[in-house]
Amino acid sequence: MNSTIENMLKHTSVRSFTDQPITSQQKSELIAAAQHGSTSEFVQAFSIIEITDQKLRNELSDITISSPHVKEADTFYVFIADLHRQANILRANNQSIDSIKNMEALLVSTIDTTIAAQNMATAAESMGLGICYIGSLRNNINQVAKLLNLPDFTVPLFGMTIGVPSEKNQLKPRMPEINQVSTNSYNEDQFNNLDDYDKVVKSYYNNRKNHPANTSWSEKNLAIFKEVHRPDVADFLRKQGFSLN
Ligand SMILES: Cc1cc2nc3c(=O)[nH]c(=O)nc-3n(C[C@H](O)[C@H](O)[C@H](O)COP(=O)(O)O)c2cc1C
């Protein structure tokens, strides 16, 4: 196994960091890594906003409720799905922006942004840094958009805290390959027989040092998905100009 894959298999989200700063050279490399991911039809439909203002950090951290490390990490980026440039180009050429409004374009920008972020995550971990995605910014997506002055056809998808780890969590056991990988068609039995994996995850949660819990993977997902989360996101997307059609 090469060192890139070894690093990927050692991934755990890091939520506590030392005071050691990330250098500007490291930041440039992280941004370059994010920018060099694959991008649908070369549209590069994302932007990255670094949050250096501590007051703004605090406000964003409060929105997450659960992620105080947004205040504390050396570096915090917000990843924006961004079709505003394309909308400007179309408008400047007196063209309809229907193609920007539609669901396909929203998917494209969401995918491009996620690829960029994961490129950055892999690059950061290869430098010995720790990262954590911050989706809980979407607890108040309207307020995040307001705080960051986001124009139409932009969506703050998630943030990413980056810093030198002061503590690393145990690895969370992923599904066995048989539960996620098949050949030629979706394999209902193989993908959904989760009894063995539930035991593995329950044992992981029971025995982990921080916040032990008595829950299996299925039980955790039941708890997550029995309620609708963030019902205001669809209205926010409409407000940003997307038709959701
Ligand atoms: C899109 C996305 C959003 C996430 N949002 C948060 C978050 O708001 N706060 C947090 O502490 N962790 C967040 N995480 C981290 C996940 O909880 C974590 O990746 C998952 O539990 C697996 O653990 P691991 O990354 O340590 O393997 C997020 C991860 C992803 C991919």
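Side-chain atoms are counted along with the backbone in the values below, which use heavy atoms only and exclude waters and symmetry mates. When a ligand or atom number is given, it counts from 1 through the structure's own listing order.
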Does ligand 1 have any atom that is closer than 4.0 Å to a heavy atom of Thr64? no
Which part of [X] is near ligand 1, with near meaning a heavy atom under 4.0 Å away: side chain, backbone, both or neither?
{"X": "Arg174", "result": "side chain"}
{"X": "Ser67", "result": "side chain"}
{"X": "Ser66", "result": "neither"}

Taking 4.0 angstrom as the limit and counting only heavy atoms of Thr12, give me the atoms of ligand 1 inside it, by number and element. 26 (O)
Numbering as shown, the atoms of ligand 1 that approach Ser136 to under 4.0 Å (heavy-atom distance):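 Near Ser136, the atoms of ligand 1 are 7 (C), 8 (O).
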Tell me, which protein residue and heavy-atom name are nearest atom 3 (C) of ligand 1, and how many Å apart are they?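 Here the nearest protein heavy atom works out to Gly135 N, 3.4 Å.
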Among [options], which one puts a heavy atom closest to [atom]?
{"atom": "atom 16 (C) of ligand 1", "options": "Lys172, Met160, Arg15, Arg138", "answer": "Arg15"}
{"atom": "atom 26 (O) of ligand 1", "options": "Ala121, Gly130, Ser13, Cys132", "answer": "Ser13"}
{"atom": "atom 30 (C) of ligand 1", "options": "Tyr133, Phe79, Phe158", "answer": "Tyr133"}

Charged N to carboxylate O below 4.0 Å: is that the case for Lys202 and Glu219? yes
Give a yes or no on whether a salt bridge exists between Lys55 and Glu59, defined as a side-chain N under 4.0 angstrom from a carboxylate O.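 Counted as a salt bridge, because a side-chain N and a carboxylate O are separated by less than 4.0 Å.
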Suppose we call two aromatic rings close when their centres sit under 6.0 Å apart. Are Phe191 and Tyr186 close by that rule?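 Ring centres of Tyr186 and Phe191 closer than 6.0 Å.
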Treating Ser216 as the side-chain partner and Val201 as the backbone partner, does any N or O pair qualify as donor plus acceptor under 3.5 Å?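 Here the side-chain-to-backbone pair does not exist.
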Hey, does the side chain of Asn179 reach the backbone of Gln190 with a donor-acceptor pair shorter than 3.5 angstrom?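 Between the backbone of Gln190 and the side chain of Asn179 there is a qualifying donor-acceptor contact (under 3.5 Å).
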Identified side-chain contact (heavy atoms from CB on, under 4.5 Å) counterpart of Ile49 within the set Asn149, Leu150, Leu56: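 The passing option is Leu150.
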Looking at His229, I'd like to know if its NE2 atom is crowded, meaning that more than 12 non-hydrogen atoms belonging to other residues, nucleotides or ligands lie closer than 6.0 Å.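 Yes - once you tally the heavy atoms of other residues, nucleotides and ligands closer than 6.0 Å, there are more than 12.
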